[in-house]
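First up is the structure itself, then whatever we jot down about it.
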Amino acid sequence: DAKTTQPTSMDCAEGRAANLPCNHSTISGNEYVYWYRQIHSQGPQYIIHGLKNNETNEMASLIITEDRKSSTLILPHATLRDTAVYYCIVRVAASNTGKLIFGQGTTLQVKP
Amino acid sequence: GAGVSQSPRYKVAKRGQDVALRCDPISGHVSLFWYQQALGQGPEFLTYFQNEAQLDKSGLPSDRFFAERPEGSVSTLKIQRTQQEDSAVYLCASSSLTGSNEQFFGPGTRLTVL
């Protein structure tokens, strides 16, 4: 699975959009971009995933560049409860094992 | 509840003791994963089951670590002769083989080896 690079930490004002970048320049054609987040003292939580088209669900939007070498997770109206570590992961969706390879992630601090 | 549950939530062991950590996946989920998360780090893969078959155990750090899922549902991660470096949060996740393959994680078991 391809490696990802994320900023170590970011701040965001409550009510504003949080834009979390991720670089995955070695991504393969059959690899998806997944985002998970981990709130303190909880297990990771799935947010969204995509292959090449932009995706949106009730939690967030995922914007993937045309060359697929980078992506941005957007939380449109961040709340204090969105404070967490956000992990960007690339993997084949239907791989034999499906294991997730987590990096260090981005610690997002939403401030009042 | 409908989520993944793990027990115990906290475990303190003396160095050299054996421990057993339990995971109850979401009913009907074929895939089950164990991860280890050291303080301040992202989770690291340990092992994977598809039903009762352990298809990948490449992440188990030593032969002191053993996992089983005999009936394809509940899984147990056993650590023999615990060492201080085994102190971590042990996370279990389950998923179905269809759809997005998203993994649903339990709250984890925090193991502290003294």
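Proteins come first, then strands; the chains are lettered A, B, ... in the order of their sequence lines, and each starts at number 1.
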Worksheet item: Which is it for I48(A) and E102(B) under the side-chain contact (heavy atoms from CB on, under 4.5 Å) test, yes or no, and what are the steps along the way?
Response: CA-CA 9 Å; I48(A) 198 168; E102(B) 66 176 282; over 6 Å; no
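L91(B) approaches P44(A) most closely through the heavy-atom pair CD1-CD, 3.9 Å.
Atom CD of E14(A) sits in a crowded spot, with more than 12 heavy atoms from other residues, nucleotides or ligands closer than 6.0 Å. Within 6.0 Å of CZ on R64(B) lie more than 12 heavy atoms contributed by other residues, nucleotides or ligands. Remark: L114(B) CG is packed, more than 12 non-hydrogen atoms of other residues, nucleotides or ligands lying under 6.0 Å away.
Taking CZ from F105(B) and CD from Q42(A), the interatomic distance works out to 13.0 Å, rounded to the nearest 0.5 Å. Between the OH atom in Y46(A) and the CD atom in Q103(B) there is a gap of 11.5 Å [rounded to 0.5 Å].
Tracing side-chain contacts under 4.5 Å through hydrophobic residues (I, L, V, M, F, W, Y), one reaches L75(A) starting from M10(A); they form part of the same cluster. Y36(A) and L51(A) fall within the same hydrophobic cluster, where Ile, Leu, Val, Met, Phe, Trp and Tyr residues are linked whenever their side-chain heavy atoms come under 4.5 Å apart, directly or through other members. Side-chain heavy atoms closer than 4.5 Å link hydrophobic residues (I, L, V, M, F, W, Y) into clusters, and following such links, even through other members, never connects V89(B) to L21(B). Cluster membership check: M59(A) shares its hydrophobic cluster with L62(A), using side-chain heavy-atom separations under 4.5 Å among Ile, Leu, Val, Met, Phe, Trp and Tyr. Linking Ile, Leu, Val, Met, Phe, Trp and Tyr residues whenever their side-chain heavy atoms come within less than 4.5 Å leaves I64(A) and I74(A) in two separate clusters.
At a threshold of 4.5 Å between non-hydrogen side-chain atoms, the residues F45(B) and F102(A) do not count as touching. No side-chain heavy atom of Q45(A) sits under 4.5 Å from any side-chain heavy atom of F104(B). In this structure, L46(B) and K99(A) have side chains that are not in contact, with every pair of non-hydrogen atoms separated by 4.5 Å or more. With a 4.5 Å cut-off on side-chain heavy atoms, P43(B) and L100(A) do not count as touching.
When heavy atoms are compared at a cutoff of 4.5 Å, Q37(B) approaches chain A solely by way of its side chain, counted from C-beta outward. With a threshold of 4.5 angstrom between heavy atoms, P107(B) approaches chain A through N, CA, C or O but not through any side-chain atom. With a 4.5 Å cut-off on non-hydrogen atoms, Y35(B) touches chain A through its side chain but not through its backbone. For S41(A), the part sitting under 4.5 Å from any heavy atom of chain B is the backbone (N, CA, C, O) and nothing else.
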